Undergrad: 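There's a structure below that I have some questions on.
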Amino acid sequence: MGTQEQVLDVARRAKQAAADLAPLPRGTKDAALHAIADALLARSAEIVKANAGDVSRAREAGTSEYMIDRLSLSTERIEAIAAAVRHVASLPDPVGESVRGYTLPNGLDLRQVRVPLGVVGIIYEGRPNVTVDAAALTLKSGNAVLLRGSSSAYDSNTALVEVMRSALTEIPADAIQLVPGRDRDSVKHLMRARGLVDVLIPRGGAALINSVVEESTVPVIETGVGNCHVYVDAETDLDMAVDILVNAKVQRPSVCNAAETVLVHRDIAGAFLPRALEALRGKGVTVHGDEAVRAYGDDVVAATEDDWRDEYLSLDLAAAVVGSLEDAVAHIRKYGSAHTEAIVTTSQAAARRFVALVDSAAVMVNASTRFTDGEEFGFGAEIGISTQKLHARGPMGLPELTSTKYVVTGEGHLKGA
């Protein structure tokens, strides 16, 4: 159990570590990241062993295989995680970057520069890779991090944090800490550590995110669930449309950028749906369709109102026929989560209109929704995918983990009356 005092203690230590970390040069931070990557590889066997206990308990609890996939670590996955840490080290350091600057008419030199946020708390569910991703990104951007993963990954996260902390020599180890406790009380204490924690970032399902947003007194950067849509336009390449839909749904269905709904223009439905349903059937996908879609497949399940809103995270897909691009956009606006939407079309005019009308963090044109990802965007590992409209939207990389301050330089300037 993580008592209030235990949680506040790690927060105080993080605050001091953040102050020590903020002015460090890029070389020191990059060396620490490479040391972390080396340690992860050298101690991968003990990490996998700790993870095996979490996976075993999850299976005994009846956890779905899709969620177990998110929980599981292997030597190969740890190698990929370590490679991602090295990639973060190779990225430009945002701290100190000048966002804008100019000389005022009175001769004052004004610059707006990037600075670390300070102490970043991450509350997330059963994905231990997030533990390392978050630590690497926060360290590179000069922040201390407090990690609160789910109890289902507690042993995995404990092992990962211990390995990372052991690798730090020139950087305070308290820059990376696990929030103590497995129960919800420790989360509540973290959410109320205003003044010690500068920002919270929740990653996970709607229940987790809503709870943090509604209950936290610490400022929150809201990440969102992924009810992502693929719209197949009247003018389209059928082969490309089928391939993109299958990839968006099947390539890894348990993640937030997997497609959950396909919307098909009625003019192309007769040509597209039989092929798409056959391809999806071959991959084990259960389609939940409206009446028009059900006419093309006896195995299509009747869609309910909940199906249009669901983030399945499984081999399930909602499907509907729409009368126009505008109807597709209306459906997305009503049911979507503002994460990622895709259009498959050969019409540049349709693509431009879809991009203009859809108000989501990412819009794909003739590409799978699975590309909404910090690493795929070239950001390195991501801290999360924000669906809000503040300074961070979409995959959050290093710049989104900074704030700014104004540096004003004068030559004895005094303010007049």
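Any value given below was found using the heavy atoms of this structure, including those in side chains, with hydrogens, waters and symmetry copies removed. As the structure is a prediction and not an experimental result, all values here were calculated from the model.
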Undergrad: If you apply the rule salt bridge (Lys or Arg N to Asp or Glu O under 4.0 Å), what do you find for D359 with R333, and how did you get there?
TA: CA-CA 8 Å; D359 186 19; R333 286 178 175 171; over 6 Å; no
Undergrad: Run the salt-bridge test on K249 and E260 with the 4.0 Å N-O cut-off and return the result as yes or no.
TA: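 Salt bridge between K249 and E260, a charged N being under 4.0 Å from a carboxylate O: yes.
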Undergrad: So, E170 and K29, do they make that salt bridge, N to O below 4.0 Å?
TA: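 Between K29 and E170 there is no salt bridge, as every charged N stays at least 4.0 Å from the carboxylate O atoms.
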Undergrad: Does D239, at its CG atom, have more than 12 non-hydrogen atoms belonging to other residues, nucleotides or ligands within less than 6.0 Å?
TA: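 Atom CG in D239 is packed in, count exceeds 12.
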Undergrad: Between A241 and F272, which heavy-atom pair has the shortest distance, and what is it?
TA: CB-CE1, 3.6 Å
Undergrad: So, S141 versus N143: side-chain donor-acceptor pair below 3.5 Å or not?
TA: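 A pair is found: one side chain offers a donor N or O, the other an acceptor, under 3.5 Å apart.
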Undergrad: If we ignore angles and hydrogens, is there a donor and acceptor under 3.5 Å between the side chains of D307 and T304?
TA: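 The answer is yes; a qualifying pair exists.
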Undergrad: May I ask you to check whether R13 and Q177 show a side-chain donor-acceptor distance below 3.5 Å?
TA: yes
Undergrad: According to the salt bridge (Lys or Arg N to Asp or Glu O under 4.0 Å) rule, which pairs have a member within residues 195-217, sequence neighbours left out?
TA: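 Non-adjacent pairs meeting salt bridge (Lys or Arg N to Asp or Glu O under 4.0 Å): R184-E215.
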Undergrad: Which value, rounded to the nearest 0.5 Å, describes the distance between D310 atom CG and N227 atom CG?
TA: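 It is 8.0 Å, given to the nearest 0.5 Å.
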Undergrad: Looking only at non-hydrogen atoms, find the nearest pair between A319 and V287 and report the distance.
TA: CB-CG1, 3.8 Å
Undergrad: Less than 4.0 angstrom from a charged side-chain N to a carboxylate O is my criterion; do E46 and R43 meet it?
TA: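 The answer is yes: the pair qualifies as a salt bridge.
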Undergrad: Just checking, is any N or O donor in the side chain of R148 or S186 under 3.5 Å from an acceptor N or O on the other one?
TA: yes
Undergrad: Just checking, is any N or O donor in the side chain of S156 or D54 under 3.5 Å from an acceptor N or O on the other one?
TA: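 Yes, D54 and S156 have a side-chain donor paired with an acceptor closer than 3.5 Å.
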Undergrad: Charged N to carboxylate O below 4.0 Å: is that the case for R182 and D155?
TA: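 Yes, this pair counts.
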Undergrad: Compute whether any side-chain donor of one residue and acceptor of the other, for Y406 and R100, lie under 3.5 angstrom apart.
TA: yes
Undergrad: Check the side chains of Q112 and T404 for a donor-acceptor pair under 3.5 angstrom, ignoring hydrogens and angles.
TA: yes
Undergrad: Less than 3.5 Å apart, which donor and acceptor atoms pair up between the side chains of residues 363-370 and the rest of the protein, not counting sequence neighbours?
TA:
unit_1 : atom_1 : unit_2 : atom_2 : d
N366   : OD1    : T345   : N      : 2.8
N366   : ND2    : T345   : O      : 2.9
S368   : OG     : N247   : OD1    : 2.8
S368   : OG     : R370   : N      : 3.1
T369   : OG1    : N257   : O      : 2.7
R370   : NE     : Q251   : OE1    : 2.7
R370   : NH1    : N257   : OD1    : 2.7
R370   : NH2    : Q251   : OE1    : 2.5

Undergrad: Could you check, using the six-membered ring where one of them is a Trp, whether H288 and Y312 have ring centers closer than 6.0 angstrom?
TA: yes
Undergrad: Would you call the rings of H331 and Y335 parallel, tilted or perpendicular, taking 30° and 60° as the class edges?
TA: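 Aromatic pair H331/Y335 classed tilted.
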Undergrad: Indicate the atoms forming the closest heavy-atom contact of H339 with C256, along with that distance.
TA: NE2-SG, 3.3 Å
Undergrad: Taking side chain as C-beta onward, heavy atoms only, is T387 less than 4.5 Å from R393?
TA: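 They are not in contact (no side-chain heavy atoms under 4.5 Å apart), so the answer is no.
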